[in-house]
Undergrad: 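Got a structure for you, questions after.
Not measured: the values here are computed from a predicted model.
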Amino acid sequence: LYSSITSYIIKDLTMNFSLLNLAAILATASAFTPARLVAKTTTTTALRMSSSTWYEDDKVVTLVPKFKIKEGMKEQYIALLPKFVELVKANEEGSCVHYGFVGPTEDDFVICREGYNDAAGLLKHLDNVGDVLNEALQYADIVDLYVQGPAGELEKLKEALADFGPDYYPLAEGSLRSKATP
């Protein structure tokens, strides 16, 4: 175990350290670190290092609506944003990967960043927030709408999103995302 730690550290250190300095550092560190902590840290690091696939195929369907707040309607529009978030928290566990708003900018644009496990999750979301979205559209216009994800999932959305006129961007082959941590 000690030799594998030493090998790992030697590989990662720059040439600025001599082996004598390295030995002194390791000796000093091990003198003040409880053995069980060293073993646990080493095991965790070794597991992390041995796991060559920290990623998985990206299958997330992302919706990116860009809103332009209408003149004099900023306060009303911004007041609705927490309602969207609360509906998502309450009703979209298991289908929503991420959800949040960016902005408003100085020129009154707001972007919603939202991702779903699949097309069904996105459709569930639209049903979930439909009433609040209709209210929000009284105060802002959707000026851009991007839908990104696996081509097969995008096909499932085209009919439902047709009235919004989105731009579809299929994921390139080999796209990845980090695996969920336990």
Side-chain angles (χ1 to χ4, degrees), residues 40-41 44-45 47-182:
K40 183 176 182 179
T41 304
T44 303
T45 302
L47 288 175
R48 197 172 336 131
M49 288 174 47
S50 68
S51 174
S52 62
T53 56
W54 56 267
Y55 57 88
E56 61 190 3
D57 290 341
D58 185 1
K59 297 177 184 173
V60 173
V61 175
T62 305
L63 184 67
V64 186
K66 181 178 181 182
F67 297 89
K68 171 67 173 161
I69 302 171
K70 296 175 183 178
E71 186 70 34
M73 302 290 184
K74 189 175 193 172
E75 188 175 312
Q76 295 93 323
Y77 178 79
I78 298 300
L80 292 174
L81 301 185
K83 292 181 182 181
F84 283 102
V85 174
E86 288 306 316
L87 284 168
V88 170
K89 285 180 181 178
N91 302 304
E92 297 182 32
E93 180 179 357
S95 61
C96 181
V97 176
H98 62 85
Y99 190 84
F101 291 92
V102 179
T105 60
E106 290 180 15
D107 49 356
D108 290 333
F109 286 101
V110 172
I111 293 174
C112 185
R113 300 175 60 245
E114 43 190 295
Y116 305 91
N117 290 325
D118 51 26
L122 192 153
L123 294 172
K124 175 183 175 182
H125 168 73
L126 292 176
D127 186 53
N128 182 36
V129 301
D131 291 339
V132 178
L133 177 59
N134 286 331
E135 186 179 352
L137 291 174
Q138 295 174 31
Y139 310 119
D141 295 313
I142 297 176
V143 295
D144 286 313
L145 182 62
Y146 303 120
V147 187
Q148 305 154 357
E153 294 299 304
L154 298 183
E155 284 300 319
K156 297 173 187 177
L157 298 169
K158 288 185 176 178
E159 186 178 330
L161 297 177
D163 290 343
F164 293 102
D167 292 318
Y168 293 92
Y169 295 90
L171 276 171
E173 191 171 322
S175 296
L176 59 97
R177 59 175 277 157
S178 66
K179 289 181 179 178
T181 55

Undergrad: In a check of ring-ring contact (aromatic ring centres under 6.0 Å, His included) between Phe67 and each of Phe101, Phe164, Tyr139, Tyr77, which one passes?
TA: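 For Phe67, the ring-ring contact (aromatic ring centres under 6.0 Å, His included) test succeeds with only one of Phe101, Phe164, Tyr139, Tyr77, which is Tyr77.
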
Undergrad: Report yes if some heavy atom in the side chain of Val147 is under 4.5 Å from a heavy atom in the side chain of Thr62; otherwise report no.
TA: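 With C-beta onward as the side chain, the pair stays apart.
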
Undergrad: Does CG in Asp144 sit with more than 12 non-hydrogen atoms of other residues, nucleotides or ligands closer than 6.0 Å?
TA: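 Counting neighbours around CG of Asp144, more than 12 heavy atoms of other residues, nucleotides or ligands fall under 6.0 Å, so yes.
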
Undergrad: Is there a donor-acceptor pair closer than 3.5 Å between any side-chain N or O of Gln148 and the backbone N or O of Tyr169?
TA: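 No.
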
Undergrad: Do Pro104 and Ile69 have side chains that approach each other closer than 4.5 Å (heavy atoms only, starting at C-beta)?
TA: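 Sidechains of Ile69 and Pro104: in contact.
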
Undergrad: Is there a donor-acceptor pair closer than 3.5 Å between any side-chain N or O of Asn117 and the backbone N or O of Gly94?
TA: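 Yes; at least one donor-acceptor contact below 3.5 Å.
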
Undergrad: Are any of the side-chain nitrogens in Lys124 or Glu92 under 4.0 Å away from the carboxylate oxygens of its partner?
TA: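 The answer is no: the pair does not qualify as a salt bridge.
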
Undergrad: What is the minimum heavy-atom distance between Pro170 and Ala151, and which atoms define it?
TA: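 In terms of heavy atoms, the two residues are closest at CB-CB, 4.0 Å.
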
Undergrad: Which atom pair, heavy atoms only, marks the closest approach of Glu56 to Ser178?
TA: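 Glu56 and Ser178 have their closest heavy atoms at OE2-O, 4.1 Å.
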
Undergrad: Quick one, Leu123 and Leu157 - any side-chain contact, counting heavy atoms below 4.5 Å?
TA: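 Leu123 reaches Leu157 side chain to side chain.
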
Undergrad: Considering non-hydrogen atoms only, spot the tightest contact between Cys112 and Glu114 and give its length.
TA: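 Looking at all heavy atoms of both residues, the shortest contact is SG-OE2, 3.0 Å.
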
Undergrad: Does any part of the side chain of Val143, heavy atoms only, come nearer than 4.5 Å to the side chain of Phe109, both counted from C-beta?
TA: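 In contact.
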
Undergrad: Heavy atoms, side chains only, cut-off 4.5 Å: are Glu153 and Leu171 in contact?
TA: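 Counting from C-beta outward, Glu153 and Leu171 never come under 4.5 Å.
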
Undergrad: Treating Asp58 as the side-chain partner and Val60 as the backbone partner, does any N or O pair qualify as donor plus acceptor under 3.5 Å?
TA: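 Side chain of Asp58 to backbone of Val60: a pair is present.
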
Undergrad: Do Lys179 side-chain atoms and Thr53 backbone N/O form a donor-acceptor pair below 3.5 Å?
TA: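 Yes: the side chain of Lys179 pairs with the backbone of Thr53.
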
Undergrad: Calculate, to the nearest 0.5 Å, the distance between atoms CG and CG belonging to Asp167 and Leu161 respectively.
TA: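 The CG atom of Asp167 sits 12.0 Å away from the CG atom of Leu161.
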
Undergrad: Angle between ring planes, His125 versus Tyr99, binned at 30° and 60°: parallel, tilted or perpendicular?
TA: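 Aromatic pair His125/Tyr99 classed tilted.
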
Undergrad: Tell me, do Leu80 and Glu135 make a side-chain contact under 4.5 Å, heavy atoms counted?
TA: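 Side-chain contact under 4.5 Å: yes.
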
Undergrad: Answer yes or no: is there an ion pair linking Lys59 with Asp118, defined by an N-O contact shorter than 4.0 Å?
TA: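 A salt bridge is absent here (no side-chain N lies under 4.0 Å from a carboxylate O).
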
Undergrad: Do you know the tightest heavy-atom contact between Ile111 and Lys66?
TA: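 Taking every non-hydrogen atom into account, CG1-CG, 4.0 Å.
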
Undergrad: Quick check against the 3.5 Å criterion: does Lys68 have a side-chain atom that pairs as donor or acceptor with the backbone of Asp107?
TA: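 The answer is yes, because a donor-acceptor pair under 3.5 Å joins these two groups.
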
Undergrad: With a 6.0 Å cut-off (strictly less than), is the heavy-atom count around NZ of Lys89, excluding the residue itself, greater than 12?
TA: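 Atom NZ in Lys89 is not crowded, with 12 or fewer foreign heavy atoms closer than 6.0 Å.
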
Undergrad: Check this for me: does any side-chain nitrogen of one of Lys83 and Glu86 sit under 4.0 Å from a carboxylate oxygen of the other?
TA: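 Not counted as a salt bridge, because no side-chain N and carboxylate O are separated by less than 4.0 Å.
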
